[in-house]
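Here's the structure we're looking at; comments come further down.
Only a predicted model underlies this, so the values are computations on that prediction, with no experimental measurement involved.
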Amino acid sequence: MPLLELDAVTKTFGTLVAANGVSLRIDSGAIVAMIGPNGAGKSTIFNAITGIYAPTAGRIVFDGKRIDREPTYRIAAAGIARTFQNIRLFSFMSALDNVMVGEHARLRARLWDSLLHTPAQRAEERETRERARELLAFVGLERLSERYARNLPYGSQRHLEIARALASSPKLLLLDEPAAGMNPREKHDLVALIRAIRDRGVTVLLIEHDMGLVMELAERITVLDHGERIAEGTPAEVRRDPHVIEAYLGAPAP
Amino acid sequence: MIYIYFLAAIAVVVVAERVPSVGAKRALYAALGAALLLAPLVDRNDSDYNVLADAGVFVLLALGLNIVVGFAGLLDLGYAAFFAIGAYTYGMLASPQFGIHLPFWVLLFVAAALAALFGIILGAPTLRLHGDYLAIVTLGFGEIVPQIFQNLTAYTGGPNGISALDFPSFFGHSFGQRALPYYYVTLALIALGLALARNLRESRLGRAWMAIREDELAARHMGINTTLVKLSAFALGASFSGLGGVVFAAKLSLVSPDLFQFQVSVLIVSMLVLGGMGNIPGVVVGSLVLTLVNSVVLPQANALASAVGLHVDFSSYHFFIYGAILVGIMLFKPEGLLPSVQRREELRHATAPQDVRA
Ligand SMILES: Nc1ncnc2c1ncn2[C@@H]1O[C@H](COP(=O)(O)OP(=O)(O)O)[C@@H](O)[C@H]1O
Ligand SMILES: [Mg+2]
C-alpha cells in the first residue's frame, strides 16, 4: 500500500486548469521529486494534498484514508507536513517558538492545562522545548534559537521551516522548492539534510528546479507540464523520456 | 492622594519591567501588591477605593480584551457587549426585578460562563473575517447587545435599567454602600486575571494564538484548528469582561443600557494601544493611565475650572482627549508605552499584507 496516492486529481481556477487528472503514488520511505516548468501546477498539487484547495475532481488517499475533503489542520495532524515556496515562518516569533508551534498537533494539553499550568502541562512544555532544541540542532540552527524568524539569514529560514515541519513527527514531508536561492554549498548541505530526514523514517516529496539536486536525491520523479503528468519514473528513465526532453529540458540529455 | 496610587502602580510596573534581575522584579511586584493590600490601614477615604475599584474593573477588561486582540490578533471593537452581559447577569439575578437573589460569588461564575458563551456565539460568525471587516462586525455586535437590553423592557427595565441591586456579602457581612470591599474584590480578580493571562501566553494555546496572528494559513499546516483556537480566545476574553460586569453592576447597584455604549469598547481598545498591545504589564499601565485621566484628572479639571468661574465640562471632551493621546502615541511611540519586544519589532518592520495563497 502506498503512503500517498493521488488518483486523477484535477483542480481548476475558473477556466484555468492548474492540475489535470494528475495521478501519483508514493511509497513509504521514498524520496520522490516533482518537476516541471513554472506554472505547471506543482504547488497546486501540494495545496490539494494539504487541503488548502479542494480538488475539483479526483481522490487523495493518505495512509489508507481519504483526505481530499478534510480540513488542513486534520491533514497535518494525520501526518503530512510541508514547507512553502515563499517562506511562511511566524516572523515575529523566535526560531524556538516556531518549532514549538510545529509540535502543536502532537501535544495533549487541553484548555484547562493551558489556563492552570497543571503538572502534566509543565512536563509536556519542558519536553516540547527540549524536542524543539533537538530539531533546531538537527538542522544546524541551535545557536540561533532565540532569534526572530524574520531576522535569520535566508538559508537558515529555509532550514527553520524544515525543522518546524518535522516537529509534528510527520510521516510525509512536502518540500516546495527547498533549494531556491541557495548557493552550491548550501544545496550540498540540503541534500545531506533531506537524506537524514528520510533516514529518520520520514517519506519526502519535493518540488525542485535544480536538476542536479533532483537527479542526485530522488528515487522517482514525476514530471508535470501545463497541469498534466507527462512522465513518471526513475531519474534515468525521466532523463531519456522524449516528452520530458521536449517539454521541459528543451535539449537532449547528455 | 488618589494620584499616589495610580502613579506608584504605574511607576512600579514600568521600573519592574526594566530591571534586569528577576529577583528585583519579583520584589517590586510583591511590594506593590502588599502596599495595595495594606493601603486601607493608612488611607480611610472610601471615595479613593471607589475610584480604584472602577480602575480595577477596567484593568480586568483590558486584560481580557488583550487575549483577543493582543494575543490572537482579532480586532474586537464590541467588547463592551460582554461587559454588559456580565452586568445584566447580576442585575437580573440579584435584584427585586424577578425576586431572584443569587449570591454575588455565584454570579461571578455564572457571568463569566455566560459571557464566554456569548463570546462564542458572537465570535462564530466572524471566523472568516480579518482586520477591518472583523472590526466592523464586532462593532455592530457591540451596538446590538445594549440595544437588545434596552428593548427587552419587560426583563431589563428598558432604558431605565434595573436598580436597587443586592449588596454582595462576604460570610454574612454585607458590602453595604462602601467601596472598600469592591476594591479588594477587584484586586483579587486582577491577580487571578494576571495569572491566567500569563499562563495562557506560555502554553500550547497561547502559541497557537500567536501563530494565527502571524500567519493563519501556516498555522493550519501546524495542525492548529483555527476555528477552535479563535473561539477560545473570544470565550476567554469575554469571560474576564463578564466578571468585570458583575463587580461594576454590584458596586453601582444599577445597570442600564447607556453604561455600555461604543465608547466603552473604544476606551478599552485605547488602553491596549496606549499601553502596548499583547504585553500584559503594558496593558495594565495603559488602563491605569486612561482611568486616571478619565476618573481623576478630568473631574478635577472641572472642579478647578468652576472654582475660577469657568463653565467648561472637561469630561465631555474625554473623546477628544483620548483621541489626542492616541494620535500622540501613534506619532511618538506607536508600539505603546510598554510594548512587548515582539510588538516593537513588528512595527519597526511594518509588514506587507499576507499572501492568501500557499
Ligand atoms: N489560488 C489561485 N487562483 C488562481 N490561479 C491559481 C491559484 N493558484 C495557482 N494558480 C494558477 O495555477 C497555475 C499553476 O500554479 P502553481 O501550481 O503555483 O505552479 P508551479 O508551482 O508548478 O509553478 C498557474 O497558472 C497559477 O497562476
Ligand atoms: Mg510552485
Lys/Arg N to Asp/Glu carboxylate O, [X] vs [Y], below 4.0 Å:
{"X": "B:E17", "Y": "B:K25", "result": "yes"}
{"X": "A:R164", "Y": "A:E161", "result": "yes"}
{"X": "A:E130", "Y": "A:R126", "result": "no"}
{"X": "A:D68", "Y": "A:R59", "result": "no"}
{"X": "B:R207", "Y": "A:D97", "result": "no"}
{"X": "A:R106", "Y": "A:E103", "result": "yes"}
{"X": "B:E216", "Y": "B:K230", "result": "yes"}

Contact origin within [X] toward chain B - heavy atom pairs under 4.5 Å:
{"X": "A:L116", "answer": "both"}
{"X": "A:A109", "answer": "both"}
{"X": "A:T44", "answer": "neither"}
{"X": "A:Y148", "answer": "side chain"}
{"X": "A:N98", "answer": "neither"}

For the residue pair B:F58 and B:F248, does the interplanar ring angle fall in the parallel (under 30°), tilted (30 to 60°) or perpendicular (over 60°) class?
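Rings of B:F58 and B:F248: perpendicular, as their planes differ by over 60°.
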Determine yes or no for a side-chain-to-main-chain donor-acceptor pair under 3.5 angstrom, with B:R204 supplying the side chain and A:H104 the backbone.
yes
Checking B:S241 side chain against B:F83 main chain: does a donor-acceptor pair fall under 3.5 Å?
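Yes; at least one donor-acceptor contact below 3.5 Å.
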Spell out the residues in residues 111-119 of chain B that have some non-hydrogen atom less than 4.5 Å away from a non-hydrogen atom of chain A, in order of number; otherwise answer 'none'.
none
Which members of residues 193-201 of chain B, sorted by number, sit under 4.5 angstrom from chain A on a heavy-atom basis?
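Listed by number: B:L196, B:R198, B:N199, B:L200.
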Run the numbers on A:H209 and A:K42 for side chain to side chain contact (heavy atoms under 4.5 Å, CB included), then give the verdict.
CA-CA 11 Å; A:H209 285 302; A:K42 306 179 298 294; 3.8 Å; yes
Using distance alone, with no hydrogens and no angle criterion, decide if B:S203 and A:H117 have a side-chain donor and acceptor under 3.5 Å apart.
no
Does NZ or CZ of A:R200 come closer than 6.0 Å to the centre of the six-membered ring of A:F138, within 45° of the ring's axis?
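Checked: cation-pi criterion met.
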For the candidates [options], which exhibits the highest count of non-hydrogen atom pairs separated by less than 4.5 Å from chain B?
{"options": "A:S114, A:A76, A:A165, A:A105", "answer": "A:S114"}
{"options": "A:L107, A:T128, A:N151", "answer": "A:L107"}
{"options": "A:L111, A:D113, A:I75, A:V101", "answer": "A:V101"}

Contact origin within B:L228 toward chain A - heavy atom pairs under 4.5 Å:
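The answer is neither part of B:L228.
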Test side chain to side chain contact (heavy atoms under 4.5 Å, CB included) applied to B:F240 and B:N66, step by step:
CA-CA 10 Å; B:F240 281 53; B:N66 184 49; over 6 Å; no
Please rank B:I224, B:L236, B:L205, B:T226 by heavy-atom pairs under 4.5 Å with chain A and give me the top one.
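The residue among B:I224, B:L236, B:L205, B:T226 with the greatest pair count is B:I224.
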